[in-house]
Amino acid sequence: MAADTFHDFVRELFRGVPGLTIKRMFGGAGIYSQGVMFGLIADETIHIKVDDALKDALTEEGSGPFVWEPKSGPRAGERVDFSYWRLPEAALDDPELAQTWARKAIAVAQTKMKTARKRKS
């Protein structure tokens, strides 16, 4: 599936998410709600932002983490975890379920943003 077609699928799947935008980045794309990145698209797979509680819930659904392995540079060969996990398969055919997961991921992303801002202050 071409990227634009897959992006259209993602927009439809998350159609109830407020302020939904998709921005291309690093060969993939970020999924945003009102400017907050809560998901990413890599290799036509949707991943959502997680904390420990959401990881546990996604593990129960048979999901797993997005792990990036740089091919060059100082981190070549290293496995880098960005705290995004694959959206459960069941949610790919159920926009209501997908949006439920999205709301959870948005809450996680907002909390992590606030924590990062406090550390900078």
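Residues Phe9 and Ile46 meet the side-chain proximity criterion, which asks for heavy atoms closer than 4.5 Å.
Qualifying salt bridge (charged side-chain N to carboxylate O under 4.0 Å, His left out) partners for Glu12, counting only residues two or more places apart in sequence or in other chains: Arg15. By the side-chain contact (heavy atoms from CB on, under 4.5 Å) test, Ala42 pairs with Leu40, His47, Phe66, sequence neighbours left out. The ring-ring contact (aromatic ring centres under 6.0 Å, His included) check on Tyr84 picks up nothing, with sequence neighbours excluded. Applying the side-chain contact (heavy atoms from CB on, under 4.5 Å) rule to Ala98 yields the partners Leu13, Phe14, Leu87, Ala91; only residues at least two apart in sequence or on another chain are considered. Every side-chain contact (heavy atoms from CB on, under 4.5 Å) that Thr100 has, sequence neighbours left out, goes to Arg103, Lys104. Partners of Gln110 according to the side-chain contact (heavy atoms from CB on, under 4.5 Å) rule, which considers only residues two or more places apart in sequence or in another chain, are Val36, Ile106. Here Tyr32 pairs with nothing under the ring-ring contact (aromatic ring centres under 6.0 Å, His included) rule; sequence neighbours left out.
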Taking only distance into account, with no hydrogens and no angle test, what donor-acceptor pairs under 3.5 Å do side-chain atoms of residues 54-64 form with protein atoms, sequence neighbours excluded?
residue	atom	partner	partner atom	Å
Thr59	OG1	Lys55	O	2.8
Ser63	OG	Arg86	N	3.4
Ser63	OG	Arg86	O	2.3

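Taking each heavy atom of Pro18 and Ser33 in turn, the nearest pair found is O-OG, 2.7 Å. Closest non-hydrogen pair, Ile22 versus Arg11, comes out as CD1-CG, 3.9 Å. Smallest separation of non-hydrogen atoms from Val108 and Lys49: CG1-CG, 3.9 Å.
Using a 4.5 Å cut-off between side-chain heavy atoms of Ile, Leu, Val, Met, Phe, Trp and Tyr, with links allowed through other members, Val67 and Trp85 fall into different hydrophobic clusters.
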Mind running side-chain contact (heavy atoms from CB on, under 4.5 Å) on His7 and Arg24 for me, showing each step along the way?
-> CA-CA 10 Å; His7 290 186; Arg24 294 179 190 275; 3.9 Å; yes
